[in-house]
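In the text below, chain A, chain B and the rest are named by the order of the sequence lines, each starting its count at 1. These numbers come from the heavy atoms of this one structure, side chains and all, not from hydrogens, waters or symmetry mates.
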Amino acid sequence: MASISAELQEQAASGITASEIMVTAAAHEVRDGETAVVGIGLPQVACVLARQTHAPRLSMLLEIGVADMSPVDIAVGLADSRIFYRATCWSGFLDTLGMNLHRGVVDVGFIGGLEVDRFGNVNTTLTKDADGKEHYFNGSAGGNDVASLANRVVVIVRHGKRKLPDAVAYLTSPGFVNGRSRRDLGLRGGGPHRVITDMAVLGFDNPSRTASLVSMHPGITVEQLLDNTGFPLEIPNPVPMTPLPSKEELRLLREEIDPGKMYLR
Amino acid sequence: MASISAELQEQAASGITASEIMVTAAAHEVRDGETAVVGIGLPQVACVLARQTHAPRLSMLLEIGVADMSPVDIAVGLADSRIFYRATCWSGFLDTLGMNLHRGVVDVGFIGGLEVDRFGNVNTTLTKDADGKEHYFNGSAGGNDVASLANRVVVIVRHGKRKLPDAVAYLTSPGFVNGRSRRDLGLRGGGPHRVITDMAVLGFDNPSRTASLVSMHPGITVEQLLDNTGFPLEIPNPVPMTPLPSKEELRLLREEIDPGKMYLR
Amino acid sequence: MPDKVKSVAEVVRSIPDGSHIALGGFAIARNAIVFAHEVIRQQKKTLTLSQGVMGMETDLLVGAGLVSKIIVGGGSLDRFGPVRCINRARDNGAIVHIDSSSLSLAFGYLAGALGISFIPIKSLLASEMMERLETAAPDYLRRGKCPFTGEDFVFLRGITPDVSVVHVPIADSNGNCWIHGPRWENEEQAKAGKRLIVVTEELVPTEYIQREPERTVIPGHRVEAVIHQPFGAHPTSVFGCYDYDAEHLKLYAECHKTPERMNQYLQDYVFGPRDHWEYLEKVGGLRRMNEIKAEAIFGY
Amino acid sequence: MPDKVKSVAEVVRSIPDGSHIALGGFAIARNAIVFAHEVIRQQKKTLTLSQGVMGMETDLLVGAGLVSKIIVGGGSLDRFGPVRCINRARDNGAIVHIDSSSLSLAFGYLAGALGISFIPIKSLLASEMMERLETAAPDYLRRGKCPFTGEDFVFLRGITPDVSVVHVPIADSNGNCWIHGPRWENEEQAKAGKRLIVVTEELVPTEYIQREPERTVIPGHRVEAVIHQPFGAHPTSVFGCYDYDAEHLKLYAECHKTPERMNQYLQDYVFGPRDHWEYLEKVGGLRRMNEIKAEAIFGY
């Protein structure tokens, strides 16, 4: 506990934000030499951080048909040309999502969503009123493909009771649906591996295939965590803490990767 | 008969060769604005002639992934880079044979072969000894694909009893197999339309779906034709004659398209 | 030799009501805005639209009330917000919507382009899209097994739109097209169409194409018409030509929040201008186009 | 960062006997001769080879007695004659041969590359290839019907070779590849492989690739090893680099007419030279390579 308190002091001193902890935790989920399908925003920041630290040979794919880009300007979305810069291959869905993801050679797929539930199912399609009326949102795009096919799926969302409900309002991208195995569901990929939020890292490595706590971010209390999670969460004792970004990681994030704090608010 | 005799005199006078008659007859099989899959040699010469005369908007595809080339040197085969020159698209099988031929937008497909039989079936795979031993040759390559899928198939072969047998020794590329309709065979393309040889033009527009005489080349006799054909051939009376190349066609063939007589021996 | 280069008005006149049009944009990139505007001006009705990831062009057409059905993988205006006209139409049941995924659309177009009437895919299984479509659209997809391995698949029906429309930076008058930057599902989408219409920023001589034929993504012989319209995708971007126009996208993202303001937008920016040149004047003309023009090095 | 650039000897050592190798040449173009020679030197046995249209590389390997099975669409040395070693092996029943068509191979590789275990095709129906393979190779193809339309199809099993080998003019050390000229089935064949090996004429800096990323046919992250060997396809051609060597092909076309002369050819040109540089000296060295070198305008 002494060390955690020391870390908290350091965190406070260096003003480490929840986004910085999230993105560093996400970076730690990729290994050198792997191939990742990333979206814009935190996943891309995480992969760039990984590349500049422990995973220089990480390959990044964008679903629209971009491989291993090195942008110099921040993009507003996946369709923003800023993200295409200095890529080594421009192709299309059929290459990235087809001949890579569907072929089974994508190690890690990052997705976001409106909701993620206890089985790691993700909703990016719609929300429902109290009376059941549906309000459509963006839909799947490549999300369902990534969730169905990547060897490890990492979901990045902000923590909150409505963001992490017991069951998603619409099952866009399957995790371990009803706790069933991926094989049983007919799916190829390994399914949800981590849910990374601004409060904690959740995992699914248990017989019930439900989200369980992997680590809690420094500065968060167990009570806060449970209050903000829409499903029961088993809390190990002692509670593992998410490692803080190292000084070098912080420097890279702040000075080189997202100095304008576009994504690391 | 007077006019034929006059034509024969002119043919002799200008030294028109059987190859020149063949290639001109083949050129007349394509219409302006159509798309043709061509092989190297006579089909390509025929298509270039058509383009320079009545079909300026003819599109030529080579199976390896070449569209609308304008070669300046004569190639030894489909894999000879001379044939790639000044194309407007370089792609691959999946585009030419897949997204064009299999898609159903190829109007005319030219193929050659070791043998073509009375149903327009083509063999490019093997010959058989008297004792049945097989001697393998080049095989299908794109031949089966073209025969199965092009809207009209034009077969170009030298005439001879062994080249035009009653039944091919090996059925590489289906015509109207056993006189069956293309639909009945499960095939999409229109099947064999013409067989063009150095003696005659054969067609299949009859209820039995067998080869019948469309026209005989000037200078050939009915006896010669029947003697050199391995299956019975109905001969209309009067015998239609294949038009000779026009002066302009001859000039183009001899001065511009194949001045070295690589293919027009 | 008859020229394929045609005016957008002439091309759109040839498209009947009820057509299935495949659109080639992605969110706020390479949307065929000039084409969408003209479809709205000519009030082509009961359209089916298909697209991997919908953007502004599709939102405009749905917002104009011309669309009966969409077959799509997803859609948004990136950080400028959701495709609100489309979402509103889905919410209210005003359109039939076959919602799947980016790869499902790419596979469907691929099958269509190859002339195979179906293709197996491992996406969609165990999802709610599958659950809904299995009953609502059994002609679009169904469950099946590999005849060799017995593995479970979704069998997607090949998609063969009546008309495919693709916005490209470079084409010649025969329709040979180059695309700079990523191509999402454009190659399959283009070749899946029974008719193929190209909108190009630049019209180049064929000789230019012949210099680097490996760049030709769409061979000209498949193309029926070439519409030449610089800044034809404004306010969406064309990589190598110009950036998205953030100011106008913000304006649009405000307008499409309500049907009333959307109608006003259509009056002001679509029905008002006689053609795309007048539209471009309305949104800032030469000065604004110069501001969003791409830098040579970056392409945006 | 560990380099993928490796010697051909090192790469071939990593391939076990009995492997299924997909070769990327077409007749007398872009054959991976340097790779085939090394496989012969290392006497890798009981290989399965697959290819759209076979050429000299395949004929060499079959002629060297290392091949048990071929899965092919066709093959020849263009005007230099048939692939006689292969034809002899087929005649004598020395190899299992799955003969189909160019498009069948392209579709099989496409399915393999996409990770779908089968794909429907309309080729082969009513042919003798179909008749023979239906009984001889029911794991390679079978008849089936479209679940939507009921149309007859051949269902081809996806092809996933153990190793795919592609000869390209340009690659960087990460394996990003460009191909000039037509690409036949190379893109699908490369990406279908469980392992992917590239032989390149020129090794360029990644910065060169980044200038025109739309030219990248094979993205580097899929590539396991890059073999850098100028004139590595001799005597076959590499468009943009050099022409086929007609003199040597004529010599080969004479030699492979009998097993005895073929063995002598292998002694002289494969087992004799220690490596490809020695082979190149043997076939005419710098002077000959300069003669067949491509002209900038024509590419051959």
Side-chain angles (χ1 to χ4, degrees), chain B residues 40-41 62-66 72-73 75-82 84-85 87 89-98 101-102 121 123-126 133-149 168 170-175 177 180 182 184-189, chain D residues 25-30 52-55 72-80 82-83 86-88 90-91 97 99-107 110 121-129 131 151-153 180-188 236-237 239-240 243-244 246 294 298-300:
Chain B
I40 199 79
L62 299 178
E63 64 170 89
I64 49 170
V66 178
V72 290
D73 294 307
V76 302
L78 206 51
D80 184 337
S81 311
R82 280 156 192 76
F84 310 163
Y85 188 61
C89 179
W90 286 329
S91 57
F93 291 150
L94 206 64
D95 177 49
T96 53
L97 297 181
L101 182 67
H102 205 281
N121 301 312
N123 170 20
T124 51
T125 300
L126 54 81
K133 179 162 166 53
E134 297 177 342
H135 297 278
Y136 271 85
F137 189 62
N138 296 352
S140 162
N144 173 276
D145 305 310
V146 170
S148 301
L149 294 159
V168 287
Y170 184 105
L171 202 166
T172 313
S173 301
V177 185
R180 291 164 67 195
R182 299 286 287 185
D184 190 34
L185 294 166
L187 299 169
R188 278 190 186 160
Chain D
F26 179 105
I28 54 167
R30 282 200 288 102
V53 174
M54 302 176 289
V72 299
S76 84
L77 302 181
D78 267 7
R79 294 287 155 126
F80 298 97
V83 279
I86 295 162
N87 292 349
R88 201 155 46 228
R90 286 195 280 210
D91 294 350
H97 45 102
D99 300 305
S100 59
S101 70
S102 298
L103 188 61
S104 301
L105 265 285
F107 269 37
L110 173 67
I121 192 171
K122 291 294 290 182
S123 298
L124 304 183
L125 284 164
S127 75
E128 194 157 343
M129 283 95 84
E131 200 181 304
E151 192 183 8
D152 288 317
F153 278 96
H180 299 311
R183 303 181 287 273
W184 32 99
E185 79 276 22
N186 281 160
E187 187 170 345
E188 298 76 50
T236 71
S237 65
F239 182 67
D243 202 0
Y244 58 87
F298 297 105
Y300 53 84

Do you know which of [options] has the most heavy-atom pairs under 4.5 Å to chain B?
options                  : answer
D152(D), D91(D), I28(D)  : D91(D)
R88(D), R79(D), E187(D)  : R79(D)
A246(D), G55(D), G181(D) : G181(D)
L110(D), L124(D), L77(D) : L124(D)

Short side-chain donor-acceptor distance under 3.5 Å, [Y] and [X]:
X       : Y       : answer
S101(D) : D145(B) : yes
T96(B)  : E63(B)  : no
N144(B) : S140(B) : no

Contact class of [X] relative to chain D, heavy atoms under 4.5 angstrom:
X       : result
D73(B)  : both
S148(B) : side chain
D80(B)  : both

Under 4.5 Å from a heavy atom of chain B, the part of [X] involved:
X       : answer
E188(D) : side chain
L105(D) : neither
D243(D) : side chain
T236(D) : neither
L103(D) : both

* Asked: Does F298(D) have any ring-ring contact (aromatic ring centres under 6.0 Å, His included) partners at least two apart in sequence or in another chain, and if so, which?
  ->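 F298(D) satisfies ring-ring contact (aromatic ring centres under 6.0 Å, His included) with Y85(B), Y300(D) only.
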* For the residue pair H180(D) and F84(B), is the inter-centroid distance of their aromatic rings smaller than 6.0 Å? ->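 Ring centroids of H180(D) and F84(B) are no less than 6.0 Å from each other.
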* To do: Could you tell me whether W184(D) and F26(D) have their ring centroids closer than 6.0 angstrom?
  => yes
Most heavy-atom pairs under 4.5 angstrom with chain D, which of [options]?
options                   : value
S81(B), G65(B), A75(B)    : S81(B)
T172(B), V177(B), L149(B) : T172(B)
A79(B), P174(B), G77(B)   : A79(B)
V66(B), L185(B), L78(B)   : L78(B)

* Please walk me through it: do R90(D) and E134(B) pass salt bridge (charged side-chain N to carboxylate O under 4.0 Å, His left out)? -> CA-CA 9 Å; R90(D) 286 195 280 210; E134(B) 297 177 342; over 6 Å; no
* **Side-chain (R183(D)) to main-chain (F93(B)) donor-acceptor, under 3.5 angstrom** => no
* To do: Answer yes or no: is there a donor N or O on one side and an acceptor on the other, between the side chain of S76(D) and the main chain of D78(D), under 3.5 Å?
  =>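 At least one qualifying donor-acceptor pair exists.
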* Asked: Where does the angle between the aromatic ring planes of Y244(D) and F80(D) fall among parallel (under 30°), tilted (30 to 60°) and perpendicular (over 60°)?
  ->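 Rings of Y244(D) and F80(D): perpendicular, as their planes differ by over 60°.
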